[in-house]
Amino acid sequence: MTSEKIRQRFLEFFRERGHTIIPSASLVPENDPTVLFNTAGMQPLVPYLMGQPHPNGDKLASVQKCLRTVDIEDIGDNTHATFFEMLGNWSLGSYFKAEAIKWSYELLTDEDKGFGLDPDRLYITVYAGDENISRDDEAVQLWQTVGIPKKRIYYLGVEANWWPNVKGEDTWTGPTGPSSEIFYDLTTDGLGDLSHDEFVRADDEQQVVEIWNDVFMAYEKRDGQIVGDLSKKNVDTGAGLERLAMVLQNKDNIFATDLFEPIITRIKEISSPKTTFGEKAARIVADHLRAAVFLMADGVTPTNTDRGYVLRRLLRRAIRYADNLALPTDALNQLVEIIIADYSPAYPTLTDNREKIKNEIGQEEKKFRQTLARGLKEFEKEITTTGIYGVNSTSTFKMVTTFGFPFELVKELAAEKGLTVDEEGFQVEMAKHQEISKAGSAKKFKGGLADTGEQSLKYHTATHLLHQALKDVLGENVEQRGSNITPERLRFDFAFERKMTPAEIAQVEEIINQKIKENLPVKSVVLPKDEAINTGAHHLFADRYGDEVSVYYVGDDLDTAYSKEFCGGPHVDNIGTLGQFKITKEEAVAAGIRRIKAVLG
Ligand code: SER
């Protein structure tokens with residue numbers, strides 16, 4: 001059964017049972033800045049599981065895009081993926097345990113309308129209970145009613161049968177409850193009846209695999225503590241498409257299913273015959289690239305923070321493993337085409353974003369390659385064979401910050417040599433660095449200057465002129481994103497969708513040089529913040545300034561000044577001293593962000 005058929009059958013089955021089909025939400029949660037990505041089908045539904053009425057009713061089903069990076073170092077085994085699709089059906093205070101159990105069993109085993117799985121290969125786990133919530137004997141009873149023998153049902157604790165399943169300190173606030181999971185026997189001959197311990201071992205050894213999770217969400221947690229019952233009892237189901245496909249297509253790993261097989265096959269075809277083909281490397285490339293494509297289609301771009309950093313790590317790791325396989329230079333492009341072709345029937349926005357995705361991957365690859373070779377050489381120099389760690393924290397820090405190596409890459413390079421990395425020390429270094437750069441940007445914000453020498457003053461003033469001239473030529477929506485000044489040049493980043501044309505660049509230069517010829521003075525005035533805003537002076541975030549702000553302006557008086565900006569100075573007194581302004585470079589630094597470098601001659 002193809003994965004497309006699995007998606008359709010799942011949705012159809014629940015449609016026939018009164019569910020409304022809802023589309024997948026974006027991988028980037030819409031109203032929740034506290035989480036980076038949707039990690040489960042239920043995540044976009046949390047407010048509704050808490051009791052808010054859903055506009056589509058009280059029975060829903062979807063195929064939701066999800067991303068989990070906690071297992072990033074497990075990718076390459078048989079069952080883990082960073083990006084995955086989760087099939088889910090929900091009851092928002094409608095049906096509860098009996099129907100949830102009956103329907104999941106029916107869908108999995110029915111030959112005509114379902115997936116036709118062999119019931120003799122199913123095993124069930126249910127919640128074992130604790131001091132707050134009792135053992136789920138009701139679920140055991142219901143499973144027996146549908147035909148699962150008691151000896152194939154196992155009681156397990158919170159780590160296995162509670163959702164959300166929080167590793168480490170539990171701070172979950174939201175709907176929660178015990179779960180019941182369905183496992184499938186993958187072995188050729190079938191394992192038959194298993195004792196509790198035998199089942200746990202079979203799970204460990206991936207002889208059985210979890211394919212379905214029914215959560216009976218009836219409680220509310222605040223900060224990790226159960227505070228009471230939810231007003232309505234809900235059902236939250238999650239079934240990973242990759243794993244279902246693996247079972248239904250008779251494969252022993254998700255990469256052999258039609259969700260991955262065309263990508264892996266192409267990697268095999270194009271990997272150099274001189275290298276021994278590495279199955280794990282191929283799986284990492286396929287997994288990471290597929291995740292990256294979906295992230296980019298949902299608007300994430302590679303950066304050094306948060307979501308963008310996750311994407312950057314995935315891409316850089318994919319590149320590195322592509323190199324291990326000695327894939328040709330256009331390999332990523334070829335693979336992206338396959339991913340988009342395979343997935344666009346289910347996710348048409350991939351096609352709309354094809355060019356953007358390819359461009360961004362190309363740019364990121366270029367950027368990473370510029371430092372990769374140098375970084376690998378440096379790595380050889382940095383490793384040591386004395387002390388506890390082969391790669392100490394300063395070296396790791398250097399590899400990550402100077403050479404843009406994802407941390408896992410440093411760890412893997414070390415592991416290849418049988419060495420370890422000082423992970424904690426590295427984290428401390430990173431924390432220190434972040435403090436310094438925060439202090440640094442506060443300083444920059446005051447003056448925007450690294451060097452207060454005369455040349456830097458000139459570049460600072462030229463930056464203001466450039467900001468205004470860009471707005472003149474490209475439109476008011478040009479927005480400053482960053483600025484950096486040295487005695488040799490200025491660098492200015494701004495939000496703008498496309499490359500500037502040569503004519504636009506020439507026009508910007510001309511405007512600035514014309515102003516310089518006019519010998520306009522640079523003046524400043526301190527105003528109450530509101531008044532300053534009313535002058536129309538450019539500023540970033542008004543709330544980041546004090547009550548009184550200084551506005552620098554270029555021209556004889558504030559009303560008619562050519563450029564006005566919230567700024568702490570310093571600047572030259574008259575722009576006539578700037579000389580000839582010239583743009584030396586205009587390029588993209590991220591999607592939607594351009595960077596200009598300019599000099600004064
Ligand atoms: N929330 C549960 C899970 O992700 C069921 O959807 O497994």
Side-chain angles (χ1 to χ4, degrees), residues 6-7 10-11 13-14 19 21-22 24-25 27 29 32 35-50 54 58-71 74 79-97 99-101 103-105 107-108 123-127 136 139 156-167 170 172-184 203 208-221 224 226 230 233-247 254:
I6 299 172
R7 291 187 192 102
F10 175 85
L11 295 175
F13 182 90
F14 284 102
H19 292 64
I21 310 308
I22 54 171
S24 172
L27 280 169
D32 192 350
V35 283
L36 290 185
F37 302 110
N38 276 320
T39 57
M42 52 78 77
Q43 212 160 303
L45 295 172
V46 166
Y48 310 105
L49 292 163
M50 289 298 289
H54 193 283
D58 58 7
K59 291 191 278 302
L60 308 171
S62 75
V63 179
Q64 172 65 45
K65 297 177 278 186
C66 300
L67 191 90
R68 290 185 191 173
T69 51
V70 281
D71 303 320
D74 289 337
T79 53
H80 284 94
T82 51
F83 169 86
F84 59 96
E85 294 168 77
M86 203 174 241
L87 312 177
N89 59 282
W90 289 274
S91 156
L92 305 173
S94 170
Y95 59 89
F96 200 48
K97 267 181 216 183
E99 291 87 342
I101 286 175
W103 287 338
S104 39
Y105 182 81
L107 174 56
L108 286 176
Y123 301 88
I124 306 293
T125 64
V126 300
Y127 187 51
D136 201 350
L156 292 175
V158 170
E159 327 70 54
N161 284 79
W162 194 275
W163 179 269
N165 182 326
V166 183
K167 294 196 179 100
D170 188 354
W172 175 250
T173 294
T176 193
S179 70
S180 182
E181 297 191 326
I182 307 175
F183 287 73
Y184 188 79
D203 180 21
V208 295
V209 61
E210 182 222 322
I211 52 170
W212 193 286
N213 189 13
D214 280 325
V215 185
F216 311 119
M217 282 190 158
Y219 307 99
E220 181 182 351
K221 265 191 184 178
I226 294 181
L230 289 173
K233 290 178 174 178
N234 309 302
V235 172
D236 155 35
T237 289
L241 177 64
E242 285 72 10
R243 291 185 187 183
L244 266 183
M246 165 176 137
V247 165
I254 59 172

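What you see below is based on every heavy atom in this structure, not just the backbone, and it leaves out hydrogens, waters and symmetry mates. Counting starts at 1 for both ligands and their atoms, following the listed order.
Ligand 1 lies under 4.0 Å from heavy atoms of A40, M42, R68, M86, W163, N213, V215, D236, T237, G238.
Using cut-offs of 30° and 60° for the angle between ring planes, the H19 and F14 rings count as perpendicular.
T237 and N89 share a donor-acceptor pair across their side chains, judged by distance under 3.5 Å alone.
Residues passing the salt bridge (charged side-chain N to carboxylate O under 4.0 Å, His left out) test with D236: none are found, sequence neighbours excluded. Under the side chain to side chain donor-acceptor pair (under 3.5 Å) criterion, K233 pairs with no residue at all, not counting sequence neighbours. E210 meets the salt bridge (charged side-chain N to carboxylate O under 4.0 Å, His left out) test with no other residue; sequence neighbours excluded.
Remark: aromatic rings of Y95 and W103 are close, center separation under 6.0 Å.
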